[in-house]
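A quick write-up on the structure given underneath.
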Amino acid sequence: MVEPHDFHRLHVEVTGLDATAASAALADAGLGRMDASGRAWLATRSLRALAEPFGAPPEWAEQWDAMLTYAAAKGWVRGGSIRAHVVGV
């Protein structure tokens, strides 16, 4: 988690791992998985739990919900996970 207040960009940065190892690392951390097309599916509960310790301002939860609503309208939310592109694989 680098910029938990930026709701306009969501991606996973991977360095030194192939897609299989990156997927295993996400799963082992309880963050999600990668699909066959190389996109990450991140567990929204886990992602939110990572962001909260950064000291979110009062409007953060509202912005979080708006991001999820937007992503769902685009088809990027499924079963408690949000799709993110992967950089570096």
Side-chain angles (χ1 to χ4, degrees):
M1 183 66 62
V2 176
E3 297 179 23
H5 302 98
D6 184 352
F7 293 100
H8 301 286
R9 297 181 299 153
L10 177 61
H11 65 275
V12 174
E13 291 186 26
V14 177
T15 305
L17 300 175
D18 63 18
T20 302
S23 187
L26 285 172
D28 290 347
L31 294 174
R33 62 176 179 78
M34 288 181 54
D35 66 17
S37 67
R39 294 183 194 111
W41 287 89
L42 304 175
T44 56
R45 286 184 184 181
S46 297
L47 195 58
R48 185 173 181 149
L50 282 175
E52 288 177 341
F54 283 88
E59 66 276 3
W60 188 91
E62 183 178 310
Q63 293 171 342
W64 170 264
D65 291 341
M67 178 191 71
L68 290 180
T69 298
Y70 176 81
K74 296 291 187 178
W76 302 336
V77 175
R78 289 189 202 146
S81 294
I82 186 169
R83 189 177 88 185
H85 69 279
V86 179
V87 178
V89 170

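Because the structure is a prediction, the values reported are computed rather than measured. Position 1 is the first residue of the sequence; numbering continues from there.
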*For Trp64 and Thr44, work out which heavy atoms get closest and say how close.*
CZ2-O, 3.5 Å

Enumerate donor-acceptor pairs with a distance under 3.5 Å from any side-chain N or O in residues 31-43 to protein atoms, sequence neighbours excluded.
from: Asp35; atom 1: OD1; to: Ser37; atom 2: N; distance (Å): 3.0
from: Asp35; atom 1: OD1; to: Ser37; atom 2: OG; distance (Å): 2.7
from: Asp35; atom 1: OD1; to: Gly38; atom 2: N; distance (Å): 3.1
from: Asp35; atom 1: OD1; to: Arg39; atom 2: N; distance (Å): 3.0
from: Asp35; atom 1: OD2; to: Ser37; atom 2: OG; distance (Å): 3.4
from: Asp35; atom 1: OD2; to: Trp41; atom 2: NE1; distance (Å): 2.9
from: Ser37; atom 1: OG; to: Arg39; atom 2: NH1; distance (Å): 3.2

For a quick test of your reading: what N or O donor-acceptor pairs under 3.5 Å do the side chains of residues 68-85 make, sequence neighbours left out?
from: Thr69; atom 1: OG1; to: Asp65; atom 2: O; distance (Å): 2.9

*Go through the structure and list residues passing side-chain contact (heavy atoms from CB on, under 4.5 Å) with Glu59, not counting sequence neighbours.*
Pro57, Gln63

